[in-house]
Amino acid sequence: MKKNIAIIISSLNGGGAERIAGLLSKELVKYFNVYLFLLNIENIMYEYGGQIVDIGCSGPFYEYEIAANKKKYHIDYAISFLEMLNFANIRTKGTESVLVSERCVQSQIVPPFSGETLQIERYYAYADKIIACSEGVKFDLEHNYNINGNITTIYNFIDKENVILKAREKFPAEAEAFLDGAEYFLNVGRLHPQKNQKRLILQFFYFHMKYPSVKLIILGSGKLETALKSYISELGMDSFVKIVSYTKNPFKYMVRAKALILSSHYEGLPNAVLEAMTLGCPVIAVDCLAGPRELLKGEVDYEKTLRKLEVCSRGILVCDDKSEDDGTTRYMMAAMEMLYSSEHLVSTFRRNELKYMEQYTNQEILNAWLRVINECEQKKMQSVLAKEEIILETAKYIVIYGAGLVGKGVYRSLSKYYKIDCFVVSRRMEEQECMGVPVKEIVELQYPLEDTAVIIGVGYESQTDVINTLQKFGYDKIVFPYIDL
């Protein structure tokens, strides 16, 4: 009789983690009854296997729905993706084994998410298994969050057949007109500070001064589009650098590119590099934490730091140094020049990439998931929320930060068990009371710090700002509530 697995993800309508969740469900459905717990079931883009379960909630209220559906479908294993749902998966742990998938190096995010940091440190130890998508992500968890002993690295699935098939599709006329027969470098990624396309544009500017016939295509969409286009214009590069909006098929660009250039400050395991390697497209990548050095060099020692650049067996690694951002050093430009001027290097990279990707199979990745699932020894049942309960039971004063929809939900749930002294807000409007309880600004609180427990009563997106405020005022007894509807 098949066992039941829940895959918990926000949606299937875009994003690397969502794509991997869909591919995982397609593979696991051969062995288990698979249920995809989704917060949003609209605009599904990715293929999947199993039955969709509409969680349909936001804020902390989805935890109640996740817990209820774990019981309803008699879930034996619950696998979650992305921090928000990883925390929910752990916090709703019942008799099932809980596995969480970590997709990124959290310590590198700027500005840091204090809410996520606090919750990783508090909850991840309760997971029966943590799946890191690269050795670099595992390194980050072990060295920056002191999580040890239950982390396994499993690389991403990749649909190689689909990549190769889509690479044969017709090249867009707009891009063809822009290139006008020129060779080009390619960057694929959302237009976001993490991806650091501004560094790439500057480094390409210096390269272009020496090789004016070559062009650059940046394939992506995001909040920095206007700023990046302005920067391109400032450098007088409008005729040589083009930003093309995100497309579901970057592969027809990769297969013709001189090289894919990854300029990111941080990654998890960059799918674009795997896809480029599948097509034999040479890769230049910043040696960021994490992923590129593992894929291009086979190196997993993240204690080492690259100072300049390194020609590896499957591509070129470039240091992640601020001097590259202002052009003081030009190692990324040098890497472009090496690839552009050496057909021998290009052919060597292509040969080694294709050989590596022949051995990189979804079956091996599936086998790794099956081993982890089948060998997953469920930890002794214990209350994941015990720390919160202790904080609340020992506090002399209990306050809820936030007097909106979430804060009111927290009050209705927890006031049955604890005396709530007041609601706290950053800035009070007109309301002096909420649900019969005083509403105070944080600057008005006069309870002793060591005696006061603060319950987070705002949605996930606002939690980091609230926690930063609490830490600024010295409050450290912080509780993430479980909402019992």
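Excluded from the calculations below are hydrogen atoms, water molecules and symmetry mates; all remaining heavy atoms, backbone and side chain alike, are included. Source: prediction; values computed, not measured.
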Side chains of Ser107 and Asn144, donor plus acceptor under 3.5 Å:
yes
Specify the closest pair of heavy atoms between Ala453 and Leu392, including all atoms of both residues, with the distance to one decimal.
CB-CD2, 4.1 Å
My understanding is that only residues two or more places apart in sequence, or in another chain, count here; which of them pass side-chain hydrogen bond (donor to acceptor under 3.5 Å, both in side chains) with Arg199?
Asp320, Asp325
Answer yes when Arg91 and Glu388 have at least one side-chain N-carboxylate O distance shorter than 4.0 Å, and no when they do not.
yes
Check whether the ring centres of Phe423 and Tyr411 lie less than 6.0 Å apart, and answer yes or no.
yes
Would you compute the distance between atom CG of Asn69 and atom CD1 of Ile75 and round it to the nearest 0.5 angstrom?
8.5 Å
Do Asn86 and Tyr123 have a side chain donor and acceptor closer than 3.5 Å?
no
4.5 Å side-chain heavy-atom contact, Val439 and Val425
yes
Under 4.5 Å between any side-chain heavy atoms of Val137 and Leu269, yes or no?
no
Just verifying a value: how many Å separate Gln197 CD and His192 NE2, rounded to the nearest 0.5 Å?
10.0 Å
Show your working on salt bridge (Lys or Arg N to Asp or Glu O under 4.0 Å) between Asp128 and Lys93 and close with a plain yes or no.
CA-CA 10 Å; Asp128 296 296; Lys93 178 175 169 61; 2.8 Å; yes
Which residues satisfy the side-chain hydrogen bond (donor to acceptor under 3.5 Å, both in side chains) test with Lys242, sequence neighbours excluded?
Glu174
Below 4.5 Å, heavy atoms only, C-beta onward: do His143 and Tyr302 meet side chain to side chain?
no
Restricting to pairs with a member in residues 261-270, which pass salt bridge (Lys or Arg N to Asp or Glu O under 4.0 Å), not counting sequence neighbours?
Lys195-Glu267
Side chain proximity check, Phe204 to Met332, heavy atoms < 4.5 angstrom
no
Please tell me whether Thr247 and Asn249 have a donor and an acceptor in their side chains that are separated by less than 3.5 angstrom.
no
For Gly268 against Cys133, the heavy-atom pair lying closest together
C-SG, 3.6 Å
Going by distance alone, is a donor N or O of one side chain under 3.5 Å from an acceptor N or O of the other, for Thr153 and Glu135?
yes
Student check: side-chain heavy atoms of Ile420 and Val399 closer than 4.5 Å:
no
Main-chain N/O of Asn196 paired to Ser263 side chain as donor or acceptor, under 3.5 Å
yes
Holding to side chain to side chain contact (heavy atoms under 4.5 Å, CB included), I want the full list of residues that pass it with Asp476, two or more places apart in sequence or in another chain.
none
Value rounded to 0.5 Å, distance of CD1 in Ile218 from NZ in Lys229:
10.5 Å
Salt bridge check, Glu275 against Arg19: does any charged N sit closer than 4.0 Å to a carboxylate O?
yes
Least distance between heavy atoms, Gly402 atom then Val458 atom
CA-CG1, 4.1 Å
Tell me if the NZ atom of Lys198 is crowded by more than 12 foreign heavy atoms within 6.0 Å.
no
Contacts of type side-chain hydrogen bond (donor to acceptor under 3.5 Å, both in side chains), residue Lys419, not counting sequence neighbours
Asp421
Glu294 and Tyr155: side chain donor to acceptor below 3.5 Å
yes
Pairwise side chain to side chain donor-acceptor pair (under 3.5 Å) hits with a residue in residues 26-38, at least two apart:
Asn4-Asn33, Lys26-Glu47, Glu27-Lys30
What residues, two or more places apart in sequence or in another chain, satisfy side-chain hydrogen bond (donor to acceptor under 3.5 Å, both in side chains) together with Ser426?
Tyr401
Is the terminal nitrogen or CZ of Arg103 (NZ for Lys, CZ for Arg) located under 6.0 angstrom from the six-membered ring centre of Phe81 and within 45° of that ring's axis?
no
What residues form a side chain to side chain contact (heavy atoms under 4.5 Å, CB included) with Asn43, not counting sequence neighbours?
Asn13
Quick one: does Tyr360's side chain get under 4.5 Å of Thr278's, heavy atoms only?
no
Asp76: which residues meet the salt bridge (Lys or Arg N to Asp or Glu O under 4.0 Å) condition with it, sequence neighbours left out?
none
Spacing of OH belonging to Tyr475 relative to CG belonging to Leu445, to within rounding of 0.5 Å
4.0 Å
Less than 3.5 Å apart, any donor N or O on the side chain of Glu83 or Gln106 sitting next to an acceptor on the other?
yes
What side chain to side chain donor-acceptor pair (under 3.5 Å) pairs are there with at least one residue in residues 436-449, not counting sequence neighbours?
Arg428-Glu444
Give, for atom CD1 of Ile41 and atom CD1 of Ile52, the distance between the pair rounded to the nearest 0.5 Å.
7.0 Å
Side chain to side chain contact (heavy atoms under 4.5 Å, CB included) partners for Ala368, two or more places apart:
Ile154, Arg371
What pairs with Lys304 under salt bridge (Lys or Arg N to Asp or Glu O under 4.0 Å), at least two apart in sequence or on another chain?
Glu299
Under 3.5 Å, is there a donor-acceptor pair between the Lys396 and Thr452 side chains?
no
Here the pair of heavy atoms bringing Lys223 nearest to Pro193 is CE-CD, 3.8 Å
Within-4.5 Å side-chain heavy-atom neighbours: Leu38 and Ser10
no
Could you state the interatomic distance from NZ (Lys248) to CE (Met45), rounded to the nearest 0.5 Å?
4.5 Å
